[in-house]
Amino acid sequence: MSKLFRSSVRENRKLTTDHYLITLRPLKKIRKPKPGQFFMLSVDSGLDPLLKRPFSLHRWLGGDFQLLYETVGKATNILKYKAPGNVLEMIGPLGNGFPAGPSKTGILLVAGGLGIAPVFALAESVSSRRPLLFLGAKSRKEVLCIEKLRSLGIRPTVTTDDGSLGKKGLITDILIDFLSRQSSTCLPVGKVVNRYRVYACGPKPMLREMSRITKKFRLKGYLALEENMACGVGACLSCVVNTTDGLKRVCKEGPVFPAEEIIW
Amino acid sequence: MSKLFRSSVRENRKLTTDHYLITLRPLKKIRKPKPGQFFMLSVDSGLDPLLKRPFSLHRWLGGDFQLLYETVGKATNILKYKAPGNVLEMIGPLGNGFPAGPSKTGILLVAGGLGIAPVFALAESVSSRRPLLFLGAKSRKEVLCIEKLRSLGIRPTVTTDDGSLGKKGLITDILIDFLSRQSSTCLPVGKVVNRYRVYACGPKPMLREMSRITKKFRLKGYLALEENMACGVGACLSCVVNTTDGLKRVCKEGPVFPAEEIIW
Amino acid sequence: MAKKKTLNTKVSIGRLKLKNPVMTAAGTFGYGEEYSKFLNLNNLGAIVVKGLSLLPKQGNPPTRIVETPAGMLNAIGLQNIGIENFIKEKLPFLRQFNTPVIVNFFGDSIKEYAKAAERLSRVSGIQALEMNISCPNRQAGWSIFGTDPKVTSKVVKTVRNATDRTLIVKLSPNVTDISLMARVAEDAGADAVSLINTITGMAIDIRTRKPKLANITGGLSGPAVRPVAVRMVWECSKAVNIPIIGMGGIISAEDALEFIMAGASAVAVGTANFVNPRAAQDIIAGIRSFMSGQGIHNIKKIIGGVNA
Amino acid sequence: MAKKKTLNTKVSIGRLKLKNPVMTAAGTFGYGEEYSKFLNLNNLGAIVVKGLSLLPKQGNPPTRIVETPAGMLNAIGLQNIGIENFIKEKLPFLRQFNTPVIVNFFGDSIKEYAKAAERLSRVSGIQALEMNISCPNRQAGWSIFGTDPKVTSKVVKTVRNATDRTLIVKLSPNVTDISLMARVAEDAGADAVSLINTITGMAIDIRTRKPKLANITGGLSGPAVRPVAVRMVWECSKAVNIPIIGMGGIISAEDALEFIMAGASAVAVGTANFVNPRAAQDIIAGIRSFMSGQGIHNIKKIIGGVNA
Ligand SMILES: Cc1cc2nc3c(=O)[nH]c(=O)nc-3n(C[C@H](O)[C@H](O)[C@H](O)COP(=O)(O)OP(=O)(O)OC[C@H]3O[C@@H](n4cnc5c(N)ncnc54)[C@H](O)[C@@H]3O)c2cc1C
Ligand SMILES: Cc1cc2nc3c(=O)[nH]c(=O)nc-3n(C[C@H](O)[C@H](O)[C@H](O)COP(=O)(O)OP(=O)(O)OC[C@H]3O[C@@H](n4cnc5c(N)ncnc54)[C@H](O)[C@@H]3O)c2cc1C
Ligand SMILES: Cc1cc2nc3c(=O)[nH]c(=O)nc-3n(C[C@H](O)[C@H](O)[C@H](O)COP(=O)(O)O)c2cc1C
Ligand SMILES: Cc1cc2nc3c(=O)[nH]c(=O)nc-3n(C[C@H](O)[C@H](O)[C@H](O)COP(=O)(O)O)c2cc1C
Ligand code: FES
Ligand code: FES
């Protein structure tokens with residue numbers, strides 16, 4: 001099954017000023033993507049933008065699938081105008097998804113901003129395991145997917161930088177509070193290790209902090225990284241990150257990496 | 001009245017495999033364009049295609065107007081996908097139109113291929129003067145506007161390269177036949193001079209031949225020229241043609257030139 | 001946030017004071033008239049006119065331009081009306097505006113360069129001269145003015161002695177080390193350098209098997225060349241102390257700011273004029289709004305401000 | 001119309017025979033594996049692998065790429081697994097295919113170039129060597145291999161003596177006169193030259209005021225550079241008798257044919273692989289259909305066929 005395919009746009013819904021949810025229907029059967037995997041997508045057939053852009057699986061609808069995106073630059077500001085009937089060329093699913101982990105461990109999901117795009121996919125796939133979700137954003141209007149999460153039975157703990165929704169502050173601080181309470185009141189630090197697994201996606205500073213947190217609480221954590229990509233398939237070496245095991249490609253060995261492997 | 005304006009697409013109709021008729025509504029009042037004048041048009045806001053492209057006025061609808069275009073390359077193959085609601089940036093009307101000439105003279109219109117785009121505009125504006133139209137094309141399906149011309153009371157003489165419609169051969173040969181008959185049977189050569197004015201648009205070889213013909217029959221002729229354009233407003237000097245009066249800019253001093261001025 | 005009225009966008013190129021750093025690039029703005037209906041010439045930092053020579057020139061035969069990916073090739077060949085006609089027919093119009101006029105000029109010999117500079121220096125209403133030693137579309141051999149450091153030094157020195165106007169030397173990107181050429185121009189007495197001129201390129205029509213341009217090769221300009229131009233401005237800014245006028249593919253205020261941060265004291269807008277006849281004015285407005293958004297009161301604060 | 005089966009697309013680069021003129025460009029096709037699921041490697045004229053050095057290299061820190069208008073800047077910095085690992089881990093996979101493997105390599109000294117060439121020449125399954133003397137992303141000073149004719153001559157001669165494989169020298173576009181560099185390579189014993197490598201460029205994030213690439217500058221590739229590359233191929237084709245491998249912004253069969261008509265015996269597809277992982281194969285098909293449409297039976301008939 002070649003990973004190069006075209007999809008027709010089914011719907012392209014504006015969620016906030018800068019956020020859109022696009023529903024795509026592959027024009028041929030594709031491999032079922034795993035949460036954490038991504039697609040490289042051409043928003044146009046022209047030469048500008050030139051390269052395909054990476055977008056994470058947001059929701060698999062058993063054939064159709066959804067991407068959640070923010071309009072930040074050239075490609076995304078073209079993508080937002082795509083309408084039903086338009087056809088987009090893409091490659092995927094690419095990379096490795098989030099590893100599920102043993103079924104007894106609790107699942108902590110942490111999403112910063114658009115990090116909710118892939119984290120939601122994971123939340124949906126593990127919703128029966130009652131994951132806890134920590135969701136940080138700049139302000140109220142950047143807090144996405146709350147409704148959809150509720151329908152999965154997940155009520156995220158929310159923080160915003162400006163306090164316009166949830167607690168004011170960083171989501172990682174809330175996570176630290178939570179883990180500290182767990183360690184001090186319920187369990188010895190050592191026990192937290194096996195009790196939870198953490199999965200996170202968000203801006204770099206948040207992920208760096210996540211590495212520190214998982215180390216401190218000796219938790220197994222997985223981080224979905226982003227790096228500028230040209231090929232998406234491991235050929236160009238543009239997306240490398242430094243790990244304890246040498247340079248690794250976000251597109252190929254990632255985008256999900258064990259938190260302890262990343263050298264920040 | 002600045003000549004920079006935006007228009008919304010009202011309709012973009014496919015006429016043949018390669019020909020389209022687009023109807024545009026300026027979003028602000030523009031100067032009424034004259035037949036022979038043209039617009040520089042951006043088909044997209046991106047950087048590729050970069051430059052605006054020149055298109056002649058095809059039909060003025062008293063506010064809205066139409067362009068007739070052929071899909072030949074990058075820009076026109078994007079333009080064909082524009083649909084009602086899309087907005088295009090343009091500059092115009094630009095250049096000088098066809099000069100009308102004294103009302104007693106007969107009008108001979110000659111169009112080769114897409115040359116009918118501006119020639120139709122002229123035909124419509126002088127239809128009360130019962131112009132004769134000579135229309136050449138590669139083959140049947142490239143013969144455009146026949147119906148519209150009929151409704152103006154104009155029945156063009158048609159030639160095609162392959163004989164699939166009208167006479168097989170070059171439209172300029174038919175014109176020569178016509179003019180020869182006029183000169184020999186009806187009038188001395190000298191008289192043809194004042195009897196007719198010729199207006200032509202079409203491919204370069206045809207226009208070159210038109211210069212020869214108008215010279216031979218000592219007719220006053222006007223040719224609408226094309227040259228690659230960057231600015232359309234006289235600033236870049238990319239569109240010059242050699243004339244008896246030195247280099248002239250097709251976009252500024254043209255696109256319509258007296259036939260005898262052009263040095264081929 | 002800086003209030004709009006307190007924004008200082010003034011920059012200096014030698015003794016020349018500009019109200020803002022945005023000028024037009026030679027050959028892309030005609031003699032100013034053509035675009036005066038689209039924007040207010042009073043708003044521009046300076047107007048640079050089409051390259052002039054002592055005598056009028058015919059330039060190259062058509063086809064003279066062809067579009068390329070995010071750019072264009074031109075081989076106008078420096079067609080111009082000549083210095084005398086410019087002074088008589090075009091300059092009076094430009095004098096009406098409160099905007100410095102910079103005359104771009106060239107010669108086919110060192111002597112011609114000097115003569116042209118001398119002539120232009122005797123006219124009022126011309127605030128600076130930009131000597132073009134870098135057009136890729138002249139006859140063979142001409143390119144040494146802009147690519148051979150010895151010849152460059154000589155021609156710039158000679159022109160320096162022939163004019164007391166602010167002298168800008170326009171550099172060619174078609175060299176191994178443009179910062180060397182900038183130093184040569186500085187040492188020879190230039191008040192500023194401007195860069196980049198176009199990069200030599202070629203396009204072929206595979207169906208006719210002919211070059212798309214009658215001149216065979218032409219000069220590449222437009223957004224496609226911008227990364228090369230920004231790099232060259234940055235290299236030159238580390239090499240010389242005189243001001244740099246940056247250009248090459250500027251189409252938006254962001255692009256202009258890239259050049260300024262790379263070290264350009266002013267920028268010129270070229271190909272973008274064709275895309276949007278109001279480009280230069282829009283770019284000025286965009287720079288102001290960036291400044292006020294970022295709390296930058298004085299544009300000079302960000303010239304060369306890249307942390308590299 | 002020529003029948004498809006009678007089309008002859010074979011070309012030669014030195015003693016190397018290619019079934020068609022389309023290869024992949026070094027560094028844009030990994031070690032072949034990555035794209036083997038998208039196209040049939042047997043269909044390619046040749047596979048050029050990511051630039052190798054004697055020892056593995058780390059390359060530059062991220063951010064390593066950034067998109068620019070119709071192009072991209074990269075500063076990978078020649079990260080590679082080293083020649084020994086390549087021979088052990090990657091070459092066996094490539095040997096399965098009926099397509100010549102060209103190894104792109106480099107050194108940090110003339111000695112290292114020679115050693116690398118020697119080592120690679122002792123391995124079967126490597127049909128030709130492409131020496132990269134033109135990467136803009138190595139440390140200061142490295143660029144003289146590709147920009148100083150004396151150094152170029154010396155390094156090419158030394159490598160020539162170290163290998164009996166077909167030797168291709170990859171030229172830098174960041175020079176005043178690339179045809180001179182092609183002649184130097186020819187005189188030093190190269191069997192072919194390939195061009196262009198990337199053009200040095202830079203992009204600045206005006207909000208953070210930092211270069212977008214960690215390495216500050218990077219190499220520009222993609223359609224944006226095509227007119228420059230075509231011109232350079234044309235200039236070199238007039239200057240040397242050895243075959244030229246043309247590249248720089250080829251994204252379609254039309255583009256490839258432009259290079260061939262400009263004088264390239266073969267072409268390489270680089271950045272286009274990222275845009276369309278099947279690009280190289282699509283381009284071969286497109287060349288064949290152009291040939292049959294135009295009644296061209298043998299591709300050799302159009303090499304250098306531009307009427308200029
Ligand atoms: C594995 C992966 C998954 C992603 N998933 C999502 C997602 O689900 N939803 C979403 O909105 N965004 C996602 N992103 C980020 C998304 O790819 C970028 O926002 C997008 O490429 C920006 O394109 P643009 O042309 O609009 O912006 P540009 O004009 O190209 O640049 C705007 C900003 O985006 C960054 N950027 C540019 N090109 C790339 C690139 N090729 N890769 C990454 N960042 C880039 C630039 O550094 C800049 O800060 C993901 C990125 C990666 C690597
Ligand atoms: C004054 C004038 C009026 C015109 N009126 C019409 C019209 O009414 N209808 C119509 O279909 N066409 C008209 N044309 C031609 C039209 O401008 C071109 O077909 C169009 O620019 C091609 O754009 P493209 O991107 O699709 O093709 P490209 O991919 O750019 O090129 C395809 C072909 O078009 C030619 N071309 C490219 N750029 C230009 C340019 N800037 N100017 C002229 N030719 C170019 C090329 O030489 C090539 O042969 C007119 C041209 C001029 C100068
Ligand atoms: C059509 C055209 C004509 C030009 N004529 C001149 C000229 O006469 N003198 C000169 O120094 N530069 C000339 N240039 C170069 C521009 O001034 C400028 O240096 C170059 O185009 C890069 O800027 P841009 O990418 O913004 O166009 C010309 C460029 C174009 C596109
Ligand atoms: C990501 C990337 C990596 C590259 N790595 C190499 C390399 O290792 N060795 C080399 O000689 N050229 C390298 N190049 C240059 C290409 O082989 C090619 O010369 C250049 O990109 C121009 O072709 P293009 O425009 O088709 O990409 C690289 C280019 C890119 C974009
Ligand atoms: S994007 Fe090319 S290797 Fe990851
Ligand atoms: S198109 Fe610029 S002068 Fe005519």
Side-chain angles (χ1 to χ4, degrees), chain A residues 1-6 30-31 39-54 72-76 78 88-95 204 225-243 246-254 262-264, chain D residues 24-25 27-40 49-51 56-81 212-214 218 221-224 226 249 251-252 255 270-279 281-282:
Chain A
M1 230 185 301
S2 164
K3 290 182 173 176
L4 181 66
F5 65 100
R6 298 185 315 143
I30 63 163
R31 209 165 305 186
F39 296 89
M40 296 293 288
L41 185 155
S42 285
V43 297
D44 239 333
S45 60
L47 301 177
D48 185 67
L50 181 67
L51 300 170
K52 289 182 154 61
R53 299 290 199 270
V72 296
K74 212 192 279 185
T76 46
I78 294 173
L88 305 174
E89 193 185 77
M90 33 209 316
I91 309 176
L94 297 168
K204 231 172 220 176
L225 266 54
E226 291 190 8
E227 208 49 74
N228 278 13
M229 290 184 177
C231 74
V233 301
C236 71
L237 306 183
S238 64
C239 64
V240 297
V241 286
N242 212 350
T243 75
L247 293 174
K248 291 199 173 172
R249 297 165 295 187
V250 171
C251 70
K252 196 80 184 178
E253 284 83 38
I262 306 300
I263 300 175
W264 292 99
Chain D
T24 57
T28 65
F29 206 69
Y31 300 110
E33 276 171 358
E34 291 81 357
Y35 281 107
S36 61
K37 278 163 205 147
F38 293 100
L39 44 68
N40 185 345
V49 297
K50 174 71 191 162
K57 298 249 182 236
Q58 288 278 312
N60 293 320
T63 301
R64 288 180 167 189
I65 67 133
V66 60
E67 188 170 299
T68 65
M72 63 178 278
L73 287 170
N74 91 76
I76 308 297
L78 295 180
Q79 178 190 339
N80 76 92
I81 58 174
K212 289 189 179 172
L213 297 174
S221 65
R226 194 172 66 236
I251 203 142
S252 69
D255 303 341
T271 302
N273 296 309
F274 309 151
V275 180
N276 168 15
R278 242 183 344 225
Q281 187 168 295
D282 290 351

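Lettering follows sequence order; numbering is per chain, from 1. Bear in mind the structure is a predicted one, so any value in this text is a computation, not a measurement.
With a 4.5 Å cut-off on non-hydrogen atoms, Q58(D) touches chain A through its backbone and its side chain both. The contact between Y35(D) and chain A is made entirely by side chain atoms (from C-beta outward), counting heavy-atom distances below 4.5 Å.
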What donor-acceptor contacts under 3.5 angstrom involve side-chain atoms of residues 271-279 of chain D, with partners at least two apart or in another chain?
{"residue": "T271(D)", "atom": "OG1", "partner": "S221(D)", "partner atom": "OG", "Å": "2.7"}
{"residue": "N273(D)", "atom": "ND2", "partner": "T28(D)", "partner atom": "OG1", "Å": "3.2"}
{"residue": "N273(D)", "atom": "ND2", "partner": "V269(D)", "partner atom": "O", "Å": "2.9"}
{"residue": "N273(D)", "atom": "ND2", "partner": "G270(D)", "partner atom": "O", "Å": "3.0"}
{"residue": "N276(D)", "atom": "OD1", "partner": "R278(D)", "partner atom": "N", "Å": "2.9"}
{"residue": "N276(D)", "atom": "ND2", "partner": "D282(D)", "partner atom": "OD2", "Å": "3.0"}

Show every donor-acceptor pair shorter than 3.5 Å between a side-chain atom in residues 227-241 of chain A and any protein atom, with sequence neighbours excluded, or say none if there are none.
{"residue": "E227(A)", "atom": "OE1", "partner": "K204(A)", "partner atom": "NZ", "Å": "3.2"}
{"residue": "N228(A)", "atom": "ND2", "partner": "I65(D)", "partner atom": "O", "Å": "2.9"}
{"residue": "S238(A)", "atom": "OG", "partner": "A230(A)", "partner atom": "N", "Å": "3.3"}

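Atom NZ in K252(A) sits 6.5 Å away from atom CD in E34(D) (nearest 0.5 Å). Taking CE of M72(D) as the start and CG of L51(A) as the end, the distance is 5.5 Å to the nearest 0.5 Å.
Looking at every heavy atom in both residues, L4(A) comes nearest to F38(D) through N-CE2, 3.8 Å.
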